[in-house]
Trainee: 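This structure is in structure tokens; I'll ask about it shortly.
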Amino acid sequence: MTDTDIPAPERSSARSYRLTEDIAAGLFLALIAAFFLWQAWDLPLGRLRAMGPGMLPVSIAAILGAGGLMLALAAFLKGGPILTTPHVRGLFFILGGIILFGLLIRTMGLIVAGPVAMIFGSFATSEVRPVEAVIFALVMTAFCILLFKYALGLPIPVVAFM
Amino acid sequence: MDLISNLSLGFGVAFTVQNIFLCFIGCMIGTLVGVLPGVGPVATIAMLLPITFGLDPTGALIMLAGIYYGAQYGGSTTAILVNIPGEATAVVTTLDGHQMAKQGRAGAALGVAALGSFFAGCVATIFIAAMGAPLTKLAQLFGPAEYFSLMVMGLVFSTVLARGSIFKALLMVFLGLLLATVGTDLETGQERMTLGIQQLSDGVDFAPLAMGIFGFAEIIRNLENPEARDVVRGKIGKLMPSWAEIKQSVPPVLRGTFIGGLLGILPGNGAVLGPFASYTMEKKLAKDPSRFGKGAIEGVAGPEAANNAGAQTAFIPLLTLGIPPNAVMALMVGAMTIHGIIPGPQVMTKNPDLFWGMIASMWIGNAMLVIINLPLVGMWVKLLKVPYRLMFPAIMIFCCIGIYSINNSVQDVYFTAFFALLGYILIKLGFEPAPMLLGFVLGKLMEEKLRQSLILSRGSFMTFVERPVSGVLLAVAVIMLVIALLPSINKKRDAVFQE
């Protein structure tokens, strides 16, 4: 795990209405809590001496939601570091690569899923060198097939389209 | 002596060709992921779980344990040579270790780190062996209320130890607990919040969650904040520290082993605290504290011993109480349950060869690690020169294959993508994911124990306070939280994490 310091972010004062990190953080948690409350609403609560399935999810979600709102409110009053823009490129290519792997592993096998996911994922950085990425993906896939399929005997489909 | 006969049983198990080989593989992989910044033992062990299905449980655990403590050794190599902590526990080592490297004393720093870790590892092994039996007896006296309170203490501990805001860490714990409630209710069999997805009726799987957050979200974070690698260009120098340096290092190693080992036992990932505590202590005890941060060998020796001792004693809560103190240990629980072993006090009596074999293997592993790390250091340095643009697609493919193979499930792959997104959002919003993971890990067990206690007490929460052991544990948790929130301590805490 690495800890690189993010360059000192701008701070918002109490008067400005820019989205600070903690406002977004608090609202995000409140949203998650609301979703869980909605999902758990119909579960029987039971009583303390014989808890039903709904007791804990509802109480934890309530605490989380209240905490999230407190965090957001405190940040709204105090200000704080501004939320920085997300790394959309990284998200798109990394998540896309994983999903492509999922789509292709059963239908085509590792021999297609591996290179496609890796090459797609490689574009997550602007430093990508396409030719190098393709060669590397092919070599790594071959290595993975040898290692996982033959050396370790995992039942992973290698060629599924034939 | 029981201890000796137990240890000899352990060595008998660990010294088979297969187990030595597995221990070696574990230590190699551990060193590898320790050296490489951006891949940690959590993602690695999650990725390798499917490989262990075919092994016998003892061999599997020996290998996985090797990865975990091997990563502690590898992490210091990167800290010293590149000024980046390869592992979170090596943060402190960058301070003086990298300075030593810049002065041409990299070899001495590496040598002291490895030998100090080895010593700490040996002591911790004996400590686990000695403490295992009494603690197991103690654990058998624990009722549900005590278990619950102990876990509360662990969670409080993990929030105090997380970097950044304690309040936000606390919210992460609750998020983890909430995620843990998804799935079939243990007592009534009713499905909870499964959204009609069949796989969720067993609850959220730990491996996709851990891999999403510690594997993929971490990659996106690293791509966003590329780190400056400051690989030491000069010679590493001779690997053996001089006699004077050894003499200087002995007391810090002893103290570091003691502090790290003690903190490691605490549930809630006390092991992370060890190196910080040791560094602070050495600085306080030093005749000339100004040397610290400029290449003081004590600043490498103490924390390195502490992190290795802590990494090993972290097995104690798992093996004796069945409570995993951190995410790696939670994966160990997974590995054990796959083989039908339920972690807890009964492991030692029911599976003595597993228990003692694993402990003995730690000693063997530590000896191997000195060899893996010192003479082979050149190889690891070369590896550090592989650019990240090649490293992350490789991590990606390994993780994908690993996660698919655990259940041969495509859905797990999609879940991992979902948790990667969640993890990235949380990191972006300034949350520390570790407390969430611990909350998730302990959630199911906590709910079970809470409900059992309340049935026994007829719905009265006083039971947690009235029962003496439980009351003390809760009091410790509250005191810790209050102390950490005191403004003066809070500032110091920030300073520690910023160093």
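We name chains A, B, ... by the order of the sequence lines, and we start the count at 1 in each one. For clarity, every value in this text was computed on a predicted model and none was experimentally measured.
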Trainee: May I ask you to name which of B/Cys399, B/Gly430, B/Gly212 has the most heavy-atom pairs under 4.5 Å with chain A?
Mentor: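 Sorted descending by pairs with chain A, the first entry is B/Gly430.
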Trainee: Output, in order, the C-alpha distance, side-chain angles, deciding distance and verdict of side-chain contact (heavy atoms from CB on, under 4.5 Å) for B/Arg389 and A/Glu132.
Mentor: CA-CA 10 Å; B/Arg389 65 166 193 278; A/Glu132 180 194 70; 2.7 Å; yes
Trainee: Hey, mind stepping through B/Ile455 and A/Met51 against side-chain contact (heavy atoms from CB on, under 4.5 Å) and telling me if it holds?
Mentor: CA-CA 8 Å; B/Ile455 290 172; A/Met51 281 193 196; over 6 Å; no
Trainee: Please classify the contact of A/Phe36 with chain B as side chain, backbone, both or neither, using a heavy-atom distance under 4.5 Å.
Mentor: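 Its backbone and side chain both get close to chain B.
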Trainee: Quick check on B/Leu55 against chain A: is it the side chain, the backbone, both or neither that has a heavy atom closer than 4.5 Å?
Mentor: neither
Trainee: Closest approach of A/His87 and B/Tyr424, non-hydrogen atoms and distance?
Mentor: N-OH, 2.9 Å
Trainee: What part of A/Phe143 is in contact with chain B, defined as an atom under 4.5 angstrom from a non-hydrogen atom: side chain, backbone, both or neither?
Mentor: side chain
Trainee: Backbone N or O of A/Gly54 within a donor-acceptor pair of the B/Arg192 side chain at under 3.5 Å?
Mentor: no
Trainee: What part of A/Met140 is in contact with chain B, defined as an atom under 4.5 angstrom from a non-hydrogen atom: side chain, backbone, both or neither?
Mentor: side chain
Trainee: Name the option with the most non-hydrogen atom pairs under 4.5 Å to chain A; the candidates are B/Thr416, B/Ile425, B/Ile219.
Mentor: B/Ile425
Trainee: Scan the side chains in residues 96-113 of chain A for donor-acceptor partners under 3.5 Å anywhere in the protein, sequence neighbours excluded, and list what turns up.
Mentor:
| residue | atom | partner | partner atom | Å |
| --- | --- | --- | --- | --- |
| A/Arg106 | NE | B/Tyr404 | OH | 3.0 |
| A/Arg106 | NH2 | B/Asn408 | O | 2.6 |
| A/Thr107 | OG1 | A/Leu103 | O | 2.9 |
| A/Thr107 | OG1 | A/Leu104 | O | 3.4 |

Trainee: Name the option with the most non-hydrogen atom pairs under 4.5 Å to chain B; the candidates are A/Gly46, A/Ala117, A/Gly26, A/Pro86.
Mentor: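 The candidate making the most pairs under 4.5 Å is A/Pro86.
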Trainee: To the nearest 0.5 Å, tell me how far A/Asp22 CG sits from B/Lys168 NZ.
Mentor: 3.5 Å
Trainee: With chain A, which of B/Gly402, B/Ala417, B/Ala180, B/Cys400 has the greatest number of heavy-atom pairs at distances under 4.5 Å?
Mentor: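 Looking at each option in turn, the highest pair count goes to B/Cys400.
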Trainee: I need the A/Cys144 SG to B/Ile401 CD1 distance, nearest 0.5 Å.
Mentor: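 CD1 of B/Ile401 is found 4.0 Å from SG of A/Cys144.
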Trainee: Just so I understand: if I count every heavy-atom pair under 4.5 Å between each of B/Ile51, B/Leu170, B/Val413, B/Leu178 and chain A, which residue has the most?
Mentor: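 Sorted descending by pairs with chain A, the first entry is B/Leu178.
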Trainee: Which distance, rounded to the nearest 0.5 Å, do you find between the OG1 of B/Thr181 and the CE of A/Met55?
Mentor: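 CE of A/Met55 is found 13.5 Å from OG1 of B/Thr181.
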Trainee: Supply the atom-to-atom distance A/Ile135 CD1 to B/Leu390 CG, rounded to the nearest 0.5 angstrom.
Mentor: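 Between A/Ile135 CD1 and B/Leu390 CG, I get 10.5 Å after rounding to 0.5 Å.
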Trainee: Heavy atoms, side chains only, cut-off 4.5 Å: are A/Leu29 and B/Met172 in contact?
Mentor: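 Yes - at least one pair of side-chain heavy atoms lies under 4.5 Å apart.
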Trainee: Where does B/Phe418 contact chain A at under 4.5 Å (heavy atoms): side chain, backbone, both or neither?
Mentor: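 Neither part.
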Trainee: Tell me, side chain or backbone of A/Ile94 under 4.5 Å from chain B's heavy atoms, or both, or neither?
Mentor: both
Trainee: Grab the two heavy atoms, one from A/Gly121 and one from B/Phe392, that are nearest each other, plus how far apart they are.
Mentor: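 Nearest pair, atom of A/Gly121 first, then B/Phe392: O-CE1, 3.2 Å.
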Trainee: Looking only at heavy atoms and a cut-off of under 4.5 Å, which of A/Asp42, A/Val128, A/Leu43, A/Thr141 has the most pairs with chain B?
Mentor: A/Leu43
Trainee: Mind running side-chain contact (heavy atoms from CB on, under 4.5 Å) on B/Leu223 and A/Phe93 for me, showing each step along the way?
Mentor: CA-CA 11 Å; B/Leu223 288 171; A/Phe93 285 104; over 6 Å; no
Trainee: Using the side chain to side chain contact (heavy atoms under 4.5 Å, CB included) definition, which of the options B/Leu177, B/Val173, B/Leu179, B/Leu175 pairs with A/Ile60?
Mentor: B/Leu177
Trainee: Under 4.5 Å from any heavy atom of chain A, what part of B/Leu426 do you find: side chain, backbone, both or neither?
Mentor: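 Contact with chain A involves the side chain of B/Leu426 alone.
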Trainee: Please report the closest heavy-atom contact between A/Pro53 and B/Asp185, naming both atoms and the distance.
Mentor: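 Result for this residue pair: CB-OD2, 3.4 Å.
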Trainee: For the atom pair CD (B/Glu224) and OG1 (A/Thr125), what is the distance rounded to the nearest 0.5 Å?
Mentor: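 Between atom CD of B/Glu224 and atom OG1 of A/Thr125 there are 12.0 Å.
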Trainee: Quick one: does B/Leu195's side chain get under 4.5 Å of A/Phe35's, heavy atoms only?
Mentor: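 A side-chain contact under 4.5 Å exists here.
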Trainee: Among B/Ala420, B/Ser405, B/Ala394, who wins on heavy-atom pairs under 4.5 Å with chain A?
Mentor: B/Ala394
Trainee: Show which side-chain atoms of residues 61-71 of chain A pair as donor or acceptor with protein atoms under 3.5 Å away, not counting sequence neighbours.
Mentor:
none

Trainee: With respect to chain B, which residue among A/Ala33, A/Pro44, A/Ala137, A/Ser126 yields the maximal number of heavy-atom pairs within a distance under 4.5 Å?
Mentor: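 Maximum pair count with chain B is reached by A/Pro44.
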Trainee: Would B/Lys428 and A/Glu21 pass as an ion pair if we require N to O under 4.0 Å?
Mentor: no
Trainee: To the nearest 0.5 Å, how far apart are CG in B/Leu429 and CG in A/Leu83?
Mentor: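 Rounded to the nearest 0.5 Å, the CG-CG separation comes to 6.0 Å.
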